[in-house]
Amino acid sequence: MTTSTSNTAKLEPPPGTDLIGRHTKEVAGHLRCFDRVIVHGTLVDVAPPGALLVSMNHAGLRPRDLARFAEPIGREVRDHIIGLARRHEVEVEMVTRKSFRQEDRIAAILQERGTQPGLVHVFAVKETATVFDTRHARADGYAQVITRRGCCLHYYLYWIHERLGLIHVRVPTWLPLRLQVYFNGHNWLARQMDQAGIKFPNGYHWCLTQVEYAQDLVFKDPARLDRLFEEVARQALLVIKVEEVARFLGKRVPLNHDTPLNSHFGRRHAGLRLKHRLGPASVKLYNKPGGILRLEMTTYDVSFFRHYRQVVHQNGTKEDALATMKKTIYSLRDLTELMQAGVNRYSQWLASLVEHSAGRREVARLGRPEHDQRGRSYRGFNPFLEEDTQALETVLRGEYALGGLTARRLHSVFTDWSRGRVGRLLKRLRLHGLLRKIARTHTYYLTPLAQRVLAAILHLKEYVFVQHLAATTAVP
């Protein structure tokens, strides 16, 4: 669902610098699209208090008559929704439990109903909302119209849209009747929607309220993703800085005050999540079931971003300048490019982190037995055994770095070993990836794995474990 403008190609990171390039052999595929998009609609005739007073005046009502003006509208909304449900032969279900999950109920209905376009179900829920009220009402009709947090009945209408897939519309029954339309970009992709145009009824002003842009990487081996996510998420949680998150979001950190960065790592119902929040925007990393790694950027205030657009000054002049993004749905195209670029920068930063899970696998492999082509087992190496320590220290000698290692040279060191025992040692070292044989010769060289792992293990044993145990034993 990425935009098809000519600027889209410029937003692609250099090959090999992001997570896709680093793990290209392990990734089966990837996609990018909007995830959650919430659009709010305000009825221009009654949403602003000033417009409400004008509408009430035209109806011959005073401000203190707000209830008389609002109740018929609320009844009309309820009657219309109930009639709509009856025409579609859909039940209006009243929700009274806080633990009730509408998504689970809709999923069960869709299994029986199917995914053909149309109204799926209607929920009636009593929820809090910003509502109009009056205060300082007097007998002469004077009153002040205010907004406050109140409670009213809301209807959730779930639809299968022919292009957007499953969406829902949240309809309150009290002024200012602020509508909310929710759709998911992954459903949009599933429906193969090519254009980002949404038609809404006239009379409402629509604005972007919450937008999420996601990139999914599908790994061939889910277990491999679990190990990778654990390592990358741990490092990102510890080393991330506010300047780096600001760079992902395309912002500069103000120098005149401290900017807080909130990082959180926790478990969600669909997997693990790492979240870095800066103001109204955030970047996230998910580990979803099925081997899916999701990078996501979200915001609940699109004016947090800035872009070049036409700016109209108070004196009527116009110019193209860098300005805050408007909340209108027409900003969706530019918002796509900004969020896509931010996800790319986050992916490049994650790819730059050093992954230590490979080292853990190498150490674990060193201690496990290996089998040759005939199925014969060769035990692993235990650096705490004197025999294995002597063998590992021998192959690490610097004298073998240039000339290589041979069975004859090993036999000169282990004089009391038989030739068969020396041969089995060489076979163990080769099967565990510590030695590499030169073709058509009897010479062996250490692999990079042996140079990295063996030196570190022997160093820890001699200078950490042994000294620590000696100090502990010396304490009376």
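One-based numbering along the sequence shown.
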- prompt: When you look at F248 and H276, which way does the side-chain contact (heavy atoms from CB on, under 4.5 Å) test go after all the steps?
  reply: CA-CA 11 Å; F248 302 153; H276 308 289; 5.8 Å; no
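- A 4.5 Å side-chain heavy-atom check between L84 and L157 finds at least one atom pair inside the cut-off.
- Looking at every heavy atom in both residues, I160 comes nearest to R113 through CG1-NH1, 3.9 Å.
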task: Might you work through the side-chain contact (heavy atoms from CB on, under 4.5 Å) test for L285 and L293, ending with a clear yes or no?
output: CA-CA 7 Å; L285 184 67; L293 180 68; 3.7 Å; yes
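- A donor-acceptor contact shorter than 3.5 Å links the side chain of R306 to the backbone of L322.
- Contact check for R64 versus L66: no side-chain heavy atoms found under the 4.5 Å cut-off.
- D18 and N344 form no side-chain donor-acceptor contact under 3.5 Å, judged by distance and modelled atom types alone.
- For E76, the CD atom sits in a loose shell: 12 or fewer heavy atoms of surrounding residues, nucleotides or ligands are nearer than 6.0 Å.
- Considering only heavy atoms from C-beta on, Q235 stays 4.5 Å or farther from L237 through its side chain.
- Salt-bridge annotation for D104 and R101: present, with a side-chain N of the basic residue lying under 4.0 Å from a carboxylate O of the acidic one.
- The shortest non-hydrogen separation linking L19 to A351 is N-CB, 3.7 Å.
- Closest heavy-atom contact between L274 and A236: CD2-CB, 3.6 Å.
- For the residue pair S303 / T324, no side-chain donor-acceptor distance below 3.5 Å is found, with atom types taken as modelled.
- To the nearest 0.5 Å, the span separating CG on L249 from CZ on R247 amounts to 10.5 Å.
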- request: Start with the C-alpha distance between R234 and E230, add both sets of side-chain angles, then the distance that settles salt bridge (charged side-chain N to carboxylate O under 4.0 Å, His left out), and finish with yes or no.
  value: CA-CA 6 Å; R234 182 187 298 109; E230 180 183 357; 3.0 Å; yes
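- A salt bridge does not link E244 with R345: every distance from a Lys NZ or Arg NE/NH1/NH2 to an Asp or Glu carboxylate oxygen is 4.0 Å or more.
- A pairwise comparison of heavy atoms in L177 and I73 identifies CD1-CG2, 3.5 Å as the closest pair.
- Of the candidates Q102, R105, E103, Q102 is the only one forming a side chain to side chain donor-acceptor pair (under 3.5 Å) with Y158.
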task: Verify ring pair (Phe, Tyr, Trp, His ring centres under 6.0 Å) between Y156 and H154, making sure each step is shown before the conclusion.
output: CA-CA 7 Å; Y156 285 82; H154 291 74; 7.1 Å; no
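- Side-chain contact, Q180 with H40: a donor N or O sits under 3.5 Å from an acceptor N or O.
- Annotation for A143 and T134: closest pair CB-CB, 4.2 Å, computed over non-hydrogen atoms.
- By the 4.5 Å heavy-atom criterion applied to side chains, K326 and R309 are counted as neighbours.
- Taking OH from Y330 and CG from L208, the interatomic distance works out to 11.5 Å, rounded to the nearest 0.5 Å.
- Taking the centre and axis of the six-membered ring of F265, the NZ or CZ atom of K275 falls outside the cone set by 45° and 6.0 Å.
- T24 contributes no side-chain N or O that, together with a main-chain N or O of G21, makes up a donor-acceptor pair within less than 3.5 Å.
- Between the side chains of T130 and R148, not a single donor N or O lies within less than 3.5 Å of an accepting N or O.
- For the 3.5 Å distance criterion, the side chains of H121 and E93 qualify, holding a donor opposite an acceptor.
- For S347 (side chain) and V343 (main-chain N/O), no donor-acceptor pair under 3.5 Å exists by modelled atom type.
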Evaluation steps, side-chain contact (heavy atoms from CB on, under 4.5 Å), between M94 and F123: CA-CA 6 Å; M94 187 70 186; F123 294 103; over 6 Å; no
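- Checked by atom type and distance alone, the side chain of K251 pairs as donor or acceptor with a backbone atom of F304 at under 3.5 Å.
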Derivation of the ring pair (Phe, Tyr, Trp, His ring centres under 6.0 Å) call for Y286 and F229: CA-CA 8 Å; Y286 287 90; F229 180 86; 8.7 Å; no
- prompt: Is there a side-chain contact (heavy atoms from CB on, under 4.5 Å) between L350 and Q348 once you walk through the steps?
  reply: CA-CA 5 Å; L350 292 173; Q348 292 176 10; over 6 Å; no
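- Taking a 6.0 Å sphere around NE2 of H80, one finds it holds 12 or fewer heavy atoms contributed by other residues, nucleotides or ligands.
- For the atom pair T147 OG1 and L175 CG, the distance stands at 12.5 Å (nearest 0.5 Å).
- Residues R273 and R267 form no side-chain contact, since every pair of their non-hydrogen atoms from C-beta on lies 4.5 Å or further apart.
- For T299 and D301, the side-chain atoms include no donor-acceptor pair closer than 3.5 Å.
- From L52, atom CG reaches atom CG of D45 across 10.0 Å, with rounding to the nearest 0.5 Å.
- Under the 3.5 Å distance criterion, with hydrogens and angles disregarded, no donor-acceptor pair is assigned to the side chains of R436 and T447.
- Atoms CG and CD, from L110 and Q116 in turn, are 9.0 Å apart once rounded to the nearest 0.5 Å.
- A heavy-atom distance below 4.5 Å is found between the side chains of F381 and L434.
- Using a 4.5 Å heavy-atom threshold, the side chains of V39 and C207 count as separate.
- At distances below 3.5 Å, not a single donor-acceptor pair connects side-chain atoms of K126 with backbone N or O atoms of V95.
- To the nearest 0.5 Å, atoms CZ (R78) and OG1 (T173) are separated by 5.5 Å.
- In this structure, the side chains of V218 and H30 stay at 4.5 Å or more apart for every pair of heavy atoms.
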- request: Starting from the C-alpha separation in whole Å, work towards a yes-or-no answer on ring pair (Phe, Tyr, Trp, His ring centres under 6.0 Å) for Y182 and H168.
  value: CA-CA 5 Å; Y182 167 95; H168 76 249; 5.0 Å; yes
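- Considering all non-hydrogen atoms of both residues, F69 and V46 come closest at CE2-CG1, 4.3 Å.
- Within the 3.5 Å criterion, the main-chain N or O of K327 finds no donor-acceptor partner in the side chain of S331.
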- prompt: Should F183 and H161 be marked as a ring pair (Phe, Tyr, Trp, His ring centres under 6.0 Å) after you check the CA-CA gap, both sets of side-chain angles, and the distance that decides it?
  reply: CA-CA 10 Å; F183 67 90; H161 191 273; 9.1 Å; no
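- Between R294 and D35 there is a salt bridge, since at least one side-chain N of the basic residue sits less than 4.0 Å from a carboxylate O of the acidic one.
- In the model, E212 has no side-chain atom that pairs as donor or acceptor with a side-chain atom of Y300 under 3.5 Å.
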